[in-house]
Amino acid sequence: QVQLVESGGGLVQGGGSLRLSCAASGRTLSGYTMGWFRQSPGKEREFVAVISWRGGGTDYADPVKGRFTISRDNAKTTVYLQMNSLKTEDTAKYYCASRILGTVSSNQYDYDYWGQGTQVTVSS
């Protein structure tokens, strides 16, 4: 199986930036799609961004377009989420997920493995 470990979360002022990392290990990630999701208390988990390891395609949720950038380092088997111009509504626990088969997807149920998450808190 695949193990995913997120890091880089923390407390930041509105308008600031954070860079999240997702380190993958275990089964090879060749051809795997990697995604970021987030969830805040009392709300459902929502899609944030996705990237394909082999194809290089990306997609973003409307609320983060123009502010967040997803990328990957194949040699390090690591996926990143650069978050700029952060808003208080971005406050949530951010999860990294991997999809074994298929192309990029915004549907959380298409993903097979999940990390434990990293907390991002944006103050006013």
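Both backbone and side-chain heavy atoms feed into the values below; hydrogens, waters and symmetry mates do not.
Of the possible polar contacts, one joining the Asp112 side chain to the Ile100 backbone as a donor-acceptor pair under 3.5 Å is found. In this structure a side-chain-to-backbone donor-acceptor pair under 3.5 Å is missing from Lys87 to Val122. Looking only at distances, a side-chain donor or acceptor of Tyr111 sits under 3.5 Å from a matching main-chain atom of Ser105. Counting only distance, with no hydrogens or angles, the side chain of Arg99 and the backbone of Thr33 share no donor-acceptor pair below 3.5 Å. With hydrogens and angles ignored, the 3.5 Å screen pairs no side-chain donor or acceptor of Thr91 with any backbone N or O of Thr121. Listed for the Tyr80 side chain is no donor-acceptor partner under 3.5 Å among the backbone atoms of Asp73. Side-chain atoms of Gln82 never come within 3.5 Å of backbone atoms of Ile70 as a donor-acceptor pair (strictly under, hydrogens ignored).
In the displayed structure, Glu44 atom CD is contacted under 6.0 Å by at most 12 heavy atoms of other residues, nucleotides or ligands.
Val48 places none of its side-chain heavy atoms less than 4.5 Å from the side chain of Tyr60. Contact annotation: the side chain of Thr58 never approaches that of Val104 to less than 4.5 Å [non-hydrogen atoms, C-beta and beyond]. Between Asp90 and Phe68, the closest side-chain pair of non-hydrogen atoms falls below 4.5 Å.
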Please tabulate, for side-chain N and O atoms in residues 12-21, each donor-acceptor pair with protein atoms closer than 3.5 Å (sequence neighbours left out).
| unit_1 | atom_1 | unit_2 | atom_2 | d |
| --- | --- | --- | --- | --- |
| Ser17 | OG | Asn84 | OD1 | 2.9 |

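Scanning all heavy atoms of the two residues, the minimum distance from Tyr95 to Gln39 falls at CE1-CB, 4.3 Å.
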### Task
Any chance you could lay out the side-chain hydrogen bond (donor to acceptor under 3.5 Å, both in side chains) test for Tyr94 and Arg38, step after step, and finish with the verdict?
CA-CA 4 Å; Tyr94 285 71; Arg38 67 186 182 186; 2.9 Å; yes
### Steps toward side-chain contact (heavy atoms from CB on, under 4.5 Å) verdict (Cys22, Trp36)
CA-CA 9 Å; Cys22 174; Trp36 285 97; 3.7 Å; yes
### Task
For side-chain contact (heavy atoms from CB on, under 4.5 Å), just list the numbers for Leu4 and Trp114, CA-CA rounded to whole Å, side-chain angles, deciding distance to a tenth of an Å, and then say yes or no.
CA-CA 6 Å; Leu4 305 174; Trp114 294 81; 5.6 Å; no
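How far CE of Met34 is from OG1 of Thr78: 9.0 Å, rounded to the nearest 0.5 Å. For the atom pair CD of Glu6 and SG of Cys96, the computed distance is 5.5 Å after rounding to the nearest 0.5 Å.
Between Phe37 and Phe47, the ring planes are perpendicular. Angles over 60° get that label, and only those under 30° would be called parallel.
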